[in-house]
Amino acid sequence: MANTDDDRRPKYQRIADSLREAIQSGEYGPGDRLPGENELMATHGVARMTARQALGVLRDEGVAESRKGAGVFVRNFRPLRRRGIQRLAQDQWGSGRSIWSADIDNRSLVVDQVTVSEEAAPERIGQVLDLAGEDTVCVRRRRFVLDGKPVLLATSYLPTSVVAGSAITQEDTGPGGTYARLAELGYKPVHFREEIRSRMPTKHEAAQLSISAGTPVILICRTAFADEGRPVEINEMTLDAASYILEYDFDA
């Protein structure tokens, strides 16, 4: 009988598939320890490297995570459902709520590694914000940690001429965040554009997001526009792909 496609798959991939199926069926639940290298070697009659590669596949997919000295465990983290349209509605930030409140329900969110600085605008940023060569930007960098897990890195660029002296130049922008402050300054966002791509993370991104080098990241670049199509903010975000579900719900 001819071999099937599954038969021709590398052994480590077949082992990873069987473990993934066991997780999906509930045989292994969130937080459960998966069979270790020695167990997989004995069960499947494979070399240690093959067993290690199988577990590596699940780690790279974000299905499992290693705990030093303890083994490999089913990832105990509920993906964040990012509601791309609802979260940016004016009645969200305009009423003093964080745009994140549309996504996280009662989960714990911490924003850390916050820095705010005035810098020369990178060329790509200056072009989109329509800045003159000598114009600077206010740069806001921060990391978002959900339920103790880093999930997002964000860097926002805003024209210094627009935000100078406002709470946007402080670490805490106040109720409603940056968009509420822009509205107070006379630059209320009336339109948003998001561009989405994906790639593998850099070493620095993997370290900041606490992900393995094989886990992809999602890149979202959002531009906020005020009246007459004036761009007032660019927000470049890097998301741990295994931590997110991107949801877009809109009428036909």
Side-chain angles (χ1 to χ4, degrees), residues 80 82-103 111 113-144 151-199 202 204-205 208 217-239 241 244 246-251:
L80 174 64
R82 183 183 187 274
R83 297 174 172 88
I85 294 177
Q86 294 91 329
R87 69 198 312 270
L88 293 174
Q90 183 179 337
D91 62 5
Q92 185 75 16
W93 49 265
S95 61
R97 296 194 300 272
S98 163
I99 62 175
W100 277 78
S101 63
D103 303 331
V111 184
Q113 301 183 9
V114 180
T115 64
V116 186
S117 58
E118 181 179 340
E119 302 176 17
E123 183 177 357
R124 70 183 188 283
I125 300 298
Q127 288 178 348
V128 176
L129 292 179
D130 195 23
L131 302 178
E134 68 277 6
D135 289 345
T136 62
V137 285
C138 172
V139 184
R140 300 183 52 83
R141 296 181 175 89
R142 59 264 190 225
R143 182 178 72 163
F144 294 82
V151 296
L152 169 71
L153 309 174
T155 302
S156 291
Y157 302 88
L158 303 101
T160 302
S161 59
V162 169
V163 303
S166 73
I168 292 173
T169 63
Q170 306 300 313
E171 290 189 8
D172 184 357
T173 56
T178 295
Y179 297 143
R181 303 292 80 76
L182 283 171
E184 293 169 355
L185 292 169
Y187 297 94
K188 180 179 71 175
V190 297
H191 181 73
F192 296 96
R193 180 181 66 219
E194 288 193 340
E195 299 172 347
I196 300 175
R197 296 180 294 127
S198 65
R199 61 165 167 76
T202 65
H204 179 65
E205 290 166 342
Q208 284 193 296
V217 290
I218 299 170
L219 307 177
I220 299 180
C221 180
R222 179 170 67 235
T223 305
F225 298 88
D227 285 332
E228 299 180 355
R230 176 170 182 173
V232 290
E233 184 223 27
I234 297 173
N235 188 353
E236 295 183 333
M237 294 164 274
T238 303
L239 293 67
Y244 274 89
L246 304 185
E247 177 183 297
Y248 295 90
D249 183 9
F250 47 89
D251 294 332

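The structure presented is a predicted model; accordingly, all values stated were derived computationally and were not measured.
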Requested in this report: Please report the C-alpha distance between Y157 and E236 in whole Å, then the side-chain angles of each, then the deciding distance to 0.1 Å, and finally whether the side-chain contact (heavy atoms from CB on, under 4.5 Å) criterion is met.
Outcome: CA-CA 8 Å; Y157 302 88; E236 295 183 333; 3.8 Å; yes
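- For T136 and T160, the side-chain atoms include at least one donor-acceptor pair closer than 3.5 Å.
- Residues G84 and Y248 come closest through the heavy atom pair CA-CE2, 3.8 Å.
- In this structure, R83 does not pair ionically with D249, as no charged nitrogen and carboxylate oxygen lie closer than 4.0 Å.
- Note that the CD1 atom of I168 and the CZ atom of R181 stand 8.0 Å from one another [nearest 0.5 Å].
- Between the CG atom of L182 and the CH2 atom of W93 there is a distance of 8.0 Å, given to the nearest 0.5 Å.
- Interatomic distance, CD of Q113 versus CZ of R141, reported as 12.0 Å (0.5 Å rounding).
- Scanning all heavy atoms of the two residues, the minimum distance from L185 to V163 falls at CD1-CA, 4.1 Å.
- Distance CG/L239 to CG/L246: 7.0 Å, rounded to 0.5 Å.
- The two residues S161 and R230 have their closest heavy-atom pair at OG-NH2, 4.4 Å.
- In this structure, A226 and V232 approach most closely via the heavy-atom pair CB-CG1, 4.0 Å.
- By the 6.0 Å contact criterion, CZ on F250 is open, its count of non-hydrogen atoms from other residues, nucleotides or ligands being 12 or less.
- A distance-only check finds a donor-acceptor pair linking the side chain of R142 to the backbone of R140 [under 3.5 Å].
- Of all non-hydrogen atoms in C138 and V116, the two that sit nearest each other are SG-CG1, 3.8 Å.
- I125 CD1 to E119 CD: the interatomic distance, rounded to the nearest 0.5 Å, is 11.0 Å.
- With hydrogens and angles ignored, the 3.5 Å screen pairs a side-chain donor or acceptor of S98 with a backbone N or O of W100.
- Side-chain N or O atoms of E205 include one that pairs as donor or acceptor with a backbone N or O of T202 at under 3.5 Å.
- The structure places CD1 of I85 at 9.0 Å from CG of D251, a figure rounded to the nearest 0.5 Å.
- Annotation for L129 and E233: closest pair CD2-N, 4.0 Å, computed over non-hydrogen atoms.
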Please table the atom pairs, donor to acceptor, closer than 3.5 Å between any side-chain atom in residues 186-198 and protein atoms at least two apart or in another chain.
from : atom 1 : to   : atom 2 : distance (Å)
E194 : OE1    : R82  : NH1    : 3.2
E194 : OE2    : R82  : NH2    : 2.9
E194 : OE2    : R222 : NH1    : 3.1

